[in-house]
Amino acid sequence: QVQVVESGGGLVQAGGSLRLSCTASGLTIDDSSMAWFRQAPGKEREGISCISWTVDSPYYADSVKGRFTIFKDNAKNTMYLQMNSLKPDDTAMYFCAADLHACYSTDMGREIDFEYWGQGTQVTVSS
């Protein structure tokens, strides 16, 4: 019933930018927690950012803080991740996730806290 689809990945050189998008159906993103995770080969999935309906500001992992920005377009029911100053270490499969719980600027929750997942979009950053 609920479907989450992300897109926008690609190949970019270090220092470049990409914008990922995540469109949800079956739920309203403004009433949900919407998050981005990433997973590189051989590594565990890592929470990157989260935004919710709370008054708290979005969460950012230290590894992306100051470079990535999460935002929403409620009219389109779409969430975005603007990725600037990309580094080779950012290379990973990026996943959109959604849930009905709240996330906070200091705590976005873990993988098990999110019920709905997209299939991922690959981001590759060359040196």
Side-chain angles (χ1 to χ4, degrees):
Q1 184 177 8
V2 175
Q3 188 173 19
V4 177
V5 180
E6 64 271 82
S7 62
L11 175 64
V12 65
Q13 290 188 328
S17 299
L18 286 172
R19 180 178 290 184
L20 307 183
S21 63
C22 174
T23 299
S25 61
L27 85 166
T28 300
I29 64 170
D30 199 42
D31 296 331
S32 308
S33 291
M34 303 295 296
W36 290 99
F37 290 77
R38 67 184 182 186
Q39 187 169 21
K43 297 183 179 181
E44 294 187 353
R45 196 164 296 183
E46 175 189 18
I48 299 300
S49 187
C50 186
I51 189 169
S52 76
W53 70 92
T54 69
V55 298
D56 202 17
S57 57
Y59 170 89
Y60 295 100
D62 289 341
S63 59
V64 305
K65 192 174 297 182
R67 299 188 298 120
F68 292 8
T69 303
I70 188 171
F71 61 100
K72 301 180 294 182
D73 185 336
N74 290 329
K76 297 181 179 179
N77 212 41
T78 299
M79 173 188 67
Y80 304 89
L81 184 69
Q82 180 65 45
M83 310 166 66
N84 297 328
S85 301
L86 284 163
K87 305 175 181 179
D89 286 347
D90 296 318
T91 296
M93 185 73 72
Y94 283 72
F95 298 89
C96 176
D99 204 83
L100 299 181
H101 76 284
C103 59
Y104 306 93
S105 62
T106 58
D107 183 12
M108 69 168 285
R110 298 183 178 182
E111 179 179 355
I112 60 174
D113 297 317
F114 289 86
E115 183 175 359
Y116 308 109
W117 290 83
Q119 292 188 324
T121 184
Q122 178 68 38
V123 173
T124 302
V125 184
S126 62
S127 301

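This chain uses plain numbering: 1 for the first residue, then up along the sequence. Hydrogens, waters and symmetry mates play no part in the numbers below; they use all other heavy atoms, side chains included. Being a predicted model, the structure only gives us computed values, none of them experimental.
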Problem - Non-hydrogen atoms of C50 and M108 that approach each other most closely - result: CB-CB, 3.5 Å

Problem - Note, Q13 side chain near S127 side chain (heavy atom, < 4.5 Å) - result: no

Table please: side-chain donor-acceptor pairs of residues 4-12 below 3.5 Å, with sequence neighbours left out.
residue	atom	partner	partner atom	Å
E6	OE1	Q119	N	3.0
E6	OE1	G120	N	3.2
E6	OE2	C96	N	2.7
E6	OE2	G120	N	3.3
S7	OG	S21	OG	3.0

Completion exercise
Minimal heavy-atom distance between S105 and Y59, with the atoms involved, is O-CD1, 3.3 Å

Problem - Y60 versus I70, closest heavy-atom pair with distance - result: OH-N, 2.9 Å

Exercise for the section: Please step through side-chain contact (heavy atoms from CB on, under 4.5 Å) for the pair F114 and L100, ending with a clear verdict. Expected result: CA-CA 8 Å; F114 289 86; L100 299 181; over 6 Å; no

Completion exercise
Of E46, R45, E111, the one forming a side-chain hydrogen bond (donor to acceptor under 3.5 Å, both in side chains) with Q39 is R45

Problem - No-hydrogen, no-angle side-chain donor-acceptor test under 3.5 Å, Y94 and R38 - result: yes

Problem - Heavy-atom check, side chain of R19 versus side chain of L81, under 4.5 Å - result: no

Problem - Side chain to side chain, L20 and M79, heavy atoms closer than 4.5 Å - result: no

Problem - Side chain to side chain, Y104 and S33, heavy atoms closer than 4.5 Å - result: no

Completion exercise
Of all heavy-atom pairs linking A98 and M34, the shortest is CB-SD, 3.5 Å

Problem - Shortest non-hydrogen contact between D90 and S85, atoms and distance - result: OD2-O, 4.4 Å

Exercise for the section: For S17 and N84, test the side chains for any donor-to-acceptor distance below 3.5 angstrom and give the result as yes or no. Expected result: yes

Practice task
Could you tell me the separation between the CZ atom of F68 and the CD atom of Q82, rounded to the nearest 0.5 Å?
Solution key: 9.5 Å

Exercise for the section: In sequence, state the C-alpha distance, the side-chain angles, and the governing distance for R110 and D113, and then conclude on salt bridge (charged side-chain N to carboxylate O under 4.0 Å, His left out). Expected result: CA-CA 5 Å; R110 298 183 178 182; D113 297 317; over 6 Å; no

Problem - Any donor-acceptor pair under 3.5 Å from D73 side chain to T78 backbone - result: no

Exercise for the section: For residues D31 and I29, determine if any side-chain heavy atom of one lies less than 4.5 Å from a side-chain heavy atom of the other. Expected result: no

Problem - Validation row: F95, T121 side chains within 4.5 angstrom (heavy atoms) - result: no

Exercise for the section: Return the minimal non-hydrogen interatomic distance between A40 and T91, and the atom names on each side. Expected result: CB-O, 3.8 Å

Handout entry: Cluster overlap L18 with I48, hydrophobic side-chain contacts below 4.5 Å
Key = yes

Exercise for the section: Report yes or no: do L86 and V64 belong to one cluster of Ile/Leu/Val/Met/Phe/Trp/Tyr joined by side chain heavy-atom distances under 4.5 Å? Expected result: yes

Practice task
Would you sort out whether F37 and W117 count as a ring pair (Phe, Tyr, Trp, His ring centres under 6.0 Å), showing the intermediate values?
Solution key: CA-CA 10 Å; F37 290 77; W117 290 83; 4.9 Å; yes

Completion exercise
NZ of K87 to CG of D89, rounded to nearest 0.5 Å, is 7.5 Å

Problem - Any donor-acceptor pair under 3.5 Å from N77 side chain to L27 backbone - result: yes

Exercise for the section: Output the distance between atom SG (C22) and atom NZ (K72), rounded to the nearest 0.5 Å. Expected result: 12.0 Å

Exercise for the section: Just do the side-chain contact (heavy atoms from CB on, under 4.5 Å) check on T23 and K76 with the steps written out, would you? Expected result: CA-CA 8 Å; T23 299; K76 297 181 179 179; over 6 Å; no

